[in-house]
Amino acid sequence: MNKLIVFNFKMAPASFTEVKEVFHIFKRFSQKVKPNKIIIVPPYVYLAEASNIFEKECSLGAQDVFWFNRNSATGEISPKMLKSLGVEYVIVGHSERRKYFNETDEIINSKIKACLSNDLTPILCIGEKNRKEGDSSLSFRIKKILFEQLNYALRGVILENSSDLIITYEPVWAISANQPKELEDPEEIQKTISLIRFWLARRFSEKIAKNMRILYGGSVNSQNIIPFLSLKEINGVLVGRVSTNKIELTKLLKKLIK
Ligand code: 13P
């Protein structure tokens, strides 16, 4: 399996001591899970430490970025700052940023463009907030939501290669689910990913649509990661809360060892 496993730490762990323990777990396993590739996405404040600890075994991502390199933006982090720490990827359009920080489609579009022009690969997150009675991944309502998110986020974007962008389908209702019924059905995910490829083929090219890496996110854990990764259409997963839970993380990484 040659898949991409992205670990979004979100706003965790709470201390430097704990993050070092988490990094140590990644250090132990990252070579063993090859040819799968690990990208760790810790909070900004831990990026410098990650950049010291990891050489080539894990790639580094950031959870956000500002859309300019100029210096009058208090509290923000520029693409150049991320580059200087060895960051290669940036999560853009995560539903938590759309919800808590009112990130608009326009902002998401600016961030995607800022990443591309600074040689950072955006990991664009899209997904519907909820499912209504009778909805499936192919319902008109769901298609409309996903296609609109793609249209806005990628407005005016020019892609030279399929590897310039990664898309994650992350249905908001499936994030940090506590009930099995809240989990998305792998078959449905495959259909949604095919739909995203259909959109990419029309907007960019057949080649980009075929080769772009499309991930799934939403309550991925040690029990379901292998079934998700076994699906041909899914090029990898975006893991949330398990990323900083030392016991669960170890279990999940062990599953990736052949
Ligand atoms: P969980 O894995 O906690 O559901 O989080 C998914 C997510 O939001 C990753 O970005």
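As the structure lists them, so they are numbered: ligands from 1, and atoms in each ligand from 1. Not measured: the values here are computed from a predicted model.
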Hydrophobic cluster membership, Ile196 vs Leu4, 4.5 Å side-chain cutoff: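 No, Ile196 and Leu4 fall in different hydrophobic clusters.
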Gly217 N/O under 3.5 Å from ligand 1 N/O: no
Worked verdict on Lys34 versus Glu57 for salt bridge (Lys or Arg N to Asp or Glu O under 4.0 Å): CA-CA 9 Å; Lys34 282 186 171 161; Glu57 63 277 51; over 6 Å; no
Check: [X]/[Y] side-chain N/O donor and acceptor closer than 3.5 Å:
X	Y	result
Lys207	Asn211	no
Glu76	Trp67	no
His94	Glu170	yes

Cation-pi geometry met for Lys143 and Phe140 (6.0 Å, 45°):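 Judged by the rule, Lys143 and Phe140 form no cation-pi pair.
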Could you tell me, atom by atom, which parts of ligand 1 come under 4.0 Å of a heavy atom of [X]?
X	value
Ser219	1 (P), 2 (O), 4 (O)
Arg241	1 (P), 2 (O), 3 (O)
Asn8	9 (C), 10 (O)
Leu238	9 (C), 10 (O)

Candidate with minimal heavy-atom separation from atom 4 (O) of ligand 1, of Ala174, Gly127, Cys125, Ser176: Ser176
Of the listed options Ser95, Gly240, Gly218, closest to atom 2 (O) of ligand 1 (non-hydrogen atoms): Gly240
Ile175, portion touching ligand 1 at heavy-atom distance under 4.0 Å: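 Near ligand 1, Ile175 shows its backbone as well as its side chain.
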Glu103 bridged to Arg97 by N-O distance under 4.0 Å: yes
For [atom], the protein heavy atom that lies nearest, with its residue and separation:
atom	answer
atom 6 (C) of ligand 1	Glu170 OE2, 3.4 Å
atom 5 (O) of ligand 1	Lys10 NZ, 3.2 Å
atom 10 (O) of ligand 1	His94 NE2, 2.8 Å

Phe147 atom CZ, neighbour heavy-atom count above 12 within 6.0 Å: yes
